[in-house]
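Given the structure is predicted, the values throughout are model-derived calculations rather than measurements.
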Amino acid sequence: PLLIVAALLARESRRMVLYWLLVVLALGCKEDVAVYFAAFGIVIVVFERERRVGLATTALSIVWLAVALGTAIPFWRGLYSLDSANPFLEGRYGGLADAAGRLASWGALSRIVTVLSATGFACLLAPAWTAIAVPGILVNLAAAPDTLQAGLLGHYLWPILPWLFAAA
């Protein structure tokens, strides 16, 4: 979270070298951080009219996510004699109908309300900034119900909170 908040502050103060350094460091912490920075790049383009920075942020994030999920994670799992399949993708979601059913449940709505309540719902006053967290929240909630990921617990929650607090 500190890297994300620091990246936002660096960008706001126009310290772009520091911004890019912090974005890369944050992306390196966890593969799904890229989902949030990709959405942030879109918000920069659409709402703040900083086309170059926004598109570069989104492009870097999408490339990072593809490399992390498609190359880096399988490579490192292989080095540790683990199945090269990425557990983030394999076996977490089931079919599309299963994942959609989990998203359209009272449990998912309950978790969304709980996460948004971390800011006293003040994040809803800045919907564009709150929207940055939405893709990641949905990806997590679509996961199998017996996982920490679907519960938005632990390290699945920390990449979401900085965006909601920035929105608040």
Side-chain angles (χ1 to χ4, degrees), residues 1-48 50 53-69 72-73 76-77 86-89 92-93 102-103 107-168:
L2 181 60
L3 293 171
I4 294 169
V5 171
L8 296 177
L9 291 172
R11 187 187 147 275
E12 186 67 25
S13 64
R14 303 284 183 224
R15 299 176 69 192
M16 297 312 290
V17 171
L18 182 58
Y19 168 74
W20 289 113
L21 175 65
L22 291 164
V23 168
V24 168
L25 289 172
L27 290 172
C29 289
K30 196 166 176 303
E31 67 274 6
D32 64 334
V33 170
V35 172
Y36 305 100
F37 272 106
F40 178 54
I42 293 168
V43 167
I44 292 172
V45 169
V46 173
F47 294 99
E48 299 185 17
E50 289 186 45
V53 172
L55 290 175
T57 300
T58 299
L60 173 65
S61 299
I62 290 170
V63 168
W64 185 273
L65 183 63
V67 169
L69 294 179
I73 292 172
W76 286 102
R77 287 182 60 81
N86 186 340
F88 183 78
L89 297 175
R92 281 276 166 99
Y93 295 97
R102 289 190 287 270
L103 288 175
L109 180 61
S110 170
R111 286 184 195 92
I112 290 169
V113 169
T114 299
V115 169
L116 297 180
S117 73
T119 66
F121 301 100
C123 62
L124 297 175
L125 298 173
W129 279 80
T130 300
I132 294 166
V134 170
I137 290 171
L138 295 177
V139 165
N140 286 312
L141 292 176
D146 59 339
T147 63
L148 291 175
Q149 182 179 357
L152 289 175
L153 299 171
H155 71 285
Y156 294 105
L157 180 60
W158 75 254
I160 296 168
L161 292 178
W163 302 105
L164 296 180
F165 280 102

What side-chain donor-acceptor pairs closer than 3.5 Å can you find for residues 37-44, not counting sequence neighbours?
none

Side chains of residues 124-134: which donor-acceptor pairs under 3.5 Å do they make with residues two or more places apart or in other chains?
{"from": "T130", "atom 1": "OG1", "to": "C123", "atom 2": "O", "distance (Å)": "2.4"}
{"from": "T130", "atom 1": "OG1", "to": "A126", "atom 2": "O", "distance (Å)": "3.2"}

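By the 4.5 Å heavy-atom criterion applied to side chains, W64 and V33 are not counted as neighbours. Side-chain atoms of Y36 and I4, non-hydrogen and from C-beta on, never get closer than 4.5 Å to each other. Two residues are said to be in side-chain contact when any heavy atoms from C-beta on lie closer than 4.5 Å; L25 and L21 meet this criterion.
The distance from atom CD1 of I62 to atom OG1 of T58, rounded to the nearest 0.5 Å, is 6.0 Å. Taking CG from L141 and CD from Q149, the interatomic distance works out to 9.0 Å, rounded to the nearest 0.5 Å. Here the straight-line distance linking atom CG of L138 with atom CG of L103 works out to 5.5 Å at 0.5 Å rounding. Separating the NZ atom in K30 from the CG atom in L3 is a distance of 14.0 Å, to the nearest 0.5 Å. Between the CG atom in L9 and the CG atom in L18 there is a gap of 9.5 Å [rounded to 0.5 Å].
Pairs passing the side-chain hydrogen bond (donor to acceptor under 3.5 Å, both in side chains) check and including a residue from residues 5-27, sequence neighbours excluded, read R11-E48, R11-E50, R14-E50, Y19-T57.
The shortest non-hydrogen separation linking A168 to T119 is CB-CB, 3.9 Å. Nearest approach of A7 to L22, heavy atoms of both residues: N-CD1, 3.6 Å. Smallest separation of non-hydrogen atoms from L65 and A34: CB-CB, 3.8 Å. Between L157 and L152, the shortest heavy-atom distance links the atoms CB-O, 3.5 Å. Between E31 and A68, the shortest heavy-atom distance links the atoms CB-CB, 4.0 Å. Minimum interatomic distance between A108 and R102 (heavy atoms only, all atoms of both residues): CB-O, 3.4 Å.
Surrounding CH2 of W76 are at most 12 heavy atoms belonging to other residues, nucleotides or ligands under 6.0 Å away.
Proximity of a side-chain donor or acceptor of W158 to a complementary backbone N or O of G154 within less than 3.5 Å is not detected.
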